[in-house]
Amino acid sequence: MQTQDESHVIAERRNKLKALREQGVAFPNDVRPTHKAAELHAEHGEKPGEELEPQAVRVAVAGRMMLKRVMGKASFATLQDATSRIQLFIQREAIGEELYDAFKKWDMGDILSAEGTLFKTKTGELSVKVDVLRLVSKSLRPLPEKFHGLADQETKYRQRYVDLIMNEDTRKTFAARSRVVSAIRNFMTGHQFLEVETPMLHPIPGGAAAKPFTTHHNALDMQMFLRIAPELFLKRLIVGGFERVFEINRNFRNEGLSVRHNPEFTMMEFYAAYTDYKWLMDFTEECIRAAAIAACGTATVTYQGREVDLAKPFQRLTIVGAIKKYAPEYTDAQLDDVGFIRAELKAKWGIEALAHVGLGALQLALFEETAESQLWEPTYIIDYPVEVSPLARASDTIPGITERFELFITGREIANGFSELNDPEDQADRFRKQVEAKEAGDDEAMYYDADYIRALEYGMPPTGGCGIGIDRLVMLLTDSPSIRDVILFPHMRPEA
RNA sequence: GGGACGGUAGCUCAGUGGUAGAGCAGCGGACUUUUAAUCCGUUGGUCGUGGGUUCGACCCCCACCCGUCCCA
């Protein structure tokens with residue numbers, strides 16, 4: 001079927017495909033390459049031609065034709081497979097006039113298979129001298145221009161398949177992402193953590209302060225929520241006695257899009273009984289270091305032109321300590337003054353704090369405005385106030401403070417962890433306060449989760465728990481400026 | 001939500017009020033070791049969408065859509 005908006009290029013290719021169909025099977029499925037391009041370069045790339053050619057190494061390769069140079073009775077074509085590229089040398093004499101003429105009509109982007117022997121060209125490029133050549137999958141759509149490739153960011157995101165065909169950097173980024181995830185998984189299982197999967201559909205959204213997506217279960221005729229965090233389910237498993245669990249999976253938050261936010265994103269959350277937030281900080285640090293070494297081969301990485309040293313111990317600062325470091329103009333008295341901070345937030349940043357908000361939350365807001373973006377080197381911020389940490393254990397020594405940290409690197413939040421609140425009565429109180437806040441207009445406040453309270457009432461051992469934002473970590477480790485660069489299919493508005 | 005910038009051929013881009021351009025890709029031709037092959041010829045456009053100003057709009061004005069970045 002040819003539609004009107006198709007270019008001449010596509011129409012031309014459809015005609016070629018039609019001819020292929022008339023000749024027999026247009027999309028053969030019996031192609032069995034024996035070698036990948038990268039293997040060939042690794043095994044034979046260094047050999048001089050005089051050594052290679054007498055060996056007559058026979059290979060079968062397959063891949064997408066990315067370059068094609070026809071010079072009369074002989075041609076070069078470059079195939080790209082999952083690993084690399086390999087050049088084919090195709091002579092009319094070797095494959096016959098009929099096939100050679102057909103090859104001349106094949107297009108960039110077509111998927112080919114070839115068999116032949118390895119040799120080196122005049123300029124020393126490892127190539128296959130082809131004696132069997134097939135068109136395996138006809139490509140109907142023209143690829144982007146071979147030199148500049150695909151540059152348009154929007155098309156890279158909307159048509160990731162084209163981006164992956166054209167841009168090795170993109171392929172490398174997602175390969176690095178895969179290494180990060182498997183390094184983390186290995187690190188966790190190596191420390192006796194059990195990998196689990198908990199529900200994505202929640203009857204009550206919980207475990208974070210965020211707006212959920214809603215959906216509907218038809219058979220049960222009930223509203224459900226896509227999860228905003230797995231936290232409350234993972235802690236139920238701690239109650240159940242697993243003691244060390246982790247989950248790497250998607251969370252969904254109904255918020256805007258930005259270079260740091262995608263509505264669905266990947267978190268690892270882990271919980272370890274008989275640990276606390278101090279243990280978590282040491283452990284998280286090691287985990288991130290292991291991921292960096294897996295992805296980059298080093299723990300000293302460069303992000304957007306500036307070095308980040310993940311090898312040395314991460315700094316630790318309190319919220320107030322961080323404000324004093326990055327905004328030394330504030331006095332201790334001012335930082336203890338609810339009225340002052342409230343006025344300052346309003347005057348300098350136009351932030352209108354809700355009426356019920358206390359000193360701790362106001363200090364946190366001030367920290368976010370003055371210090372957060374400057375925390376380039378890995379820094380744990382500790383001493384989060386109880387009122388913004390409804391699931392964290394309160395400090396035994398400092399009133400109003402929890403045993404909680406957030407980790408910032410390159411000015412971005414990467415992880416959030418705390419000693420878990422395992423006192424069911426305290427937790428029930430905290431939930432009630434959240435419900436009050438929700439009623440007072442805080443639409444990110446939590447719901448009361450009665451089953452979670454029931455679970456805690458069976459007794460949960462003291463536990464440390466932490467979430468690591470995988471996408472943001474991958475951004476850091478792949479030097480990607482936008483979260484969309486590390487998510488294969490980022491969310492976009494529908495095409496016009 | 002606000003601001004800046006962008007959307008022109010399949011791709012990468014030029015064009016600033018007077019007949020829409022180049023390179024690559026495509027098509028036809030030459031060429032048996034090329035490397036973005038080269039050479040000759042050639043097809044291809046709702047200039048994001050809709051209004052407006054003007055004798056005349058890719059260009060100026062307004063609204064909208066999509067994107068990138070910054071801010072909230």
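Just so you know, these numbers use all the heavy atoms, side chains as well, and skip hydrogens, waters and symmetry mates. Just so it is clear: chains get the letters A, B, ... in the order the sequence lines come, proteins before strands, and each one is counted from 1.
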Margin query: Could you tell me how far apart K129(A) (NZ) and U33(B) (P) are, to the nearest whole angstrom?
Written below: 11 Å

Item checked: Along RNA chain B (nearest heavy atom to each residue), the more 5'-positioned of T121(A) and S482(A) -> T121(A)

Next item on the list: Please state whether the rings of F213(A) and F252(A) are parallel, tilted or perpendicular, taking 30° and 60° as the class boundaries.
Entry: perpendicular

Check: How would you label the contact of Q91(A) with the nucleic acid (heavy atoms, under 4.0 Å): base, sugar-phosphate, or nothing?
Finding: base

Note to self: Measuring only the C1' atom in each nucleotide, how far is U19(B) from C65(B)? A whole number of Å is fine.
What the structure shows: 31 Å

Note to self: If I take atom CG in residue L88(A) and atom P in nucleotide U33(B), what distance separates them, rounded to the nearest angstrom?
What the structure shows: 17 Å

Next item on the list: Under 4.0 Å between any heavy atoms, over every strand shown, what does F119(A) touch: base, sugar-phosphate, or nothing? Just pick one.
Entry: base

Notebook entry, point to check: Mind checking whether Y277(A) and F418(A) have ring centres under 6.0 Å apart?
Noted result: no

Next item on the list: Give one of base, sugar-phosphate or nothing for K16(A), where a contact means two heavy atoms less than 4.0 Å apart.
Entry: sugar-phosphate

Checklist line | Atom pair distance, as rounded to whole Å: CG in D107(A) and C1' in C24(B) | finding: 14 Å

Next item on the list: Would you mind reading off the distance between I90(A) atom CD1 and A37(B) atom P, rounded to a whole angstrom?
Entry: 14 Å

Notebook entry, point to check: Over how many whole Å does the gap from I165(A) atom CD1 to A25(B) atom P extend?
Noted result: 17 Å

Check: Just how far, in rounded Å, is C1' of U68(B) from NE2 of H261(A)?
Finding: 18 Å

Check: Looking just at side-chain N and O atoms, do N416(A) and Y384(A) make a donor-acceptor pair shorter than 3.5 Å?
Finding: no

Next item on the list: I would like to know whether E115(A) and R58(A) meet salt bridge (charged side-chain N to carboxylate O under 4.0 Å, His left out); could you show each step before the answer?
Entry: CA-CA 7 Å; E115(A) 292 175 43; R58(A) 191 149 185 88; 3.7 Å; yes

Margin query: Could you tell me how far G45(B) sits from C11(B) if I compare only their C1' atoms? Round to whole Å.
Written below: 15 Å

Notebook entry, point to check: So what does M492(A) hit on the nucleic acid, given a heavy-atom distance under 4.0 Å: a base, only sugar-phosphate, or nothing?
Noted result: sugar-phosphate

Next item on the list: Between A9(B) and A20(B), how far apart are the P atoms? Round to whole Å, please.
Entry: 15 Å

Margin query: Need one value for K105(A): base, sugar-phosphate or nothing, where a base atom within 4.0 Å counts as base even if backbone is also close, heavy atoms only.
Written below: sugar-phosphate

Notebook entry, point to check: Roughly how far apart, to the nearest Å, are C55(B) and G48(B) at atom P?
Noted result: 24 Å

Check: Separation of E369(A) atom CD from C71(B) atom C1', in whole Å?
Finding: 11 Å

Check: What does A4(B) pair with, Watson-Crick or G-U, if both distances are under 3.5 Å?
Finding: U68(B)

Item checked: Protein-nucleotide distance (L126(A), atom CG; U34(B), atom P), rounded to Å -> 16 Å

Notebook entry, point to check: Does a donor on one side chain sit under 3.5 Å from an acceptor on the other, for N251(A) and R227(A)?
Noted result: yes

Margin query: Please give the distance between the C1' atoms of G44(B) and C27(B) as a whole number of Å.
Written below: 10 Å

Margin query: Can you check the distance between G7(B) and C64(B), where both ends of the measurement are the C1' atom (answer in whole Å)?
Written below: 14 Å

Next item on the list: In whole angstrom, give me the gap between the C1' atoms of G6(B) and U12(B).
Entry: 15 Å

Note to self: Need one value for R484(A): base, sugar-phosphate or nothing, where a base atom within 4.0 Å counts as base even if backbone is also close, heavy atoms only.
What the structure shows: sugar-phosphate

Margin query: As a quick check of understanding, evaluate salt bridge (charged side-chain N to carboxylate O under 4.0 Å, His left out) for D163(A) and R171(A), giving each step before the final call.
Written below: CA-CA 9 Å; D163(A) 185 26; R171(A) 297 194 294 273; over 6 Å; no

Check: Is the backbone of L335(A) close enough, under 3.5 Å, to the side chain of Q363(A) for a donor and an acceptor to pair up by distance?
Finding: yes

Next item on the list: Any chance you could list the contact pattern along nucleotides 8-13 of chain B? Use B for base contacts, S for sugar-phosphate-only contacts and - for none, protein heavy atoms under 4.0 Å, 5' to 3'.
Entry: --SBS-

Next item on the list: Please determine if a side-chain N or O atom of R493(A) lies less than 4.0 Å away from the OP1 or OP2 oxygen of G67(B).
Entry: yes

Check: Is there a Watson-Crick or G-U wobble partner for A63(B) with both distances under 3.5 Å, and which nucleotide is it?
Finding: U49(B)

Notebook entry, point to check: Taking RNA chain B as the partner, which of residues 62-77 of chain A come within under 4.0 angstrom of it by heavy atom?
Noted result: L67(A), R69(A), V70(A), M71(A), G72(A), K73(A), A74(A), F76(A)

Next item on the list: Record whether the side chain of E154(A) comes under 3.5 Å of the base of U68(B) through a donor-acceptor pair of N or O atoms.
Entry: no

Check: How are the rings of F314(A) and Y380(A) set to each other: parallel, tilted or perpendicular (split at 30° and 60°)?
Finding: tilted

Note to self: For U42(B), give the paired nucleotide (Watson-Crick: N1-N3 plus N6-O4 or O6-N4; G-U: N1-O2 and O6-N3; both under 3.5 Å), or none.
What the structure shows: G26(B)

Margin query: Taking the P atom in each of U16(B) and C58(B), what is the distance between them to the nearest angstrom?
Written below: 14 Å

Notebook entry, point to check: In Watson-Crick or G-U wobble terms, both distances under 3.5 Å, what is the partner of C55(B)?
Noted result: G18(B)

Checklist line | Whether over 12 other heavy atoms sit under 6.0 Å from E46(A) CD | finding: no

Check: Taking for each residue the nucleotide of RNA chain B with the nearest heavy atom, is it R13(A) or F89(A) whose nucleotide lies nearer the 5' end?
Finding: R13(A)

Next item on the list: Assess the side chains of Q91(A) and Y100(A): does a donor N or O sit below 3.5 Å from an acceptor N or O?
Entry: no

Margin query: Just by distance, no angles: are the side chains of R412(A) and Y303(A) close enough, under 3.5 Å, to form a donor-acceptor pair?
Written below: yes

Check: Just checking, is any N or O donor in the side chain of R69(A) or Q87(A) under 3.5 Å from an acceptor N or O on the other one?
Finding: yes

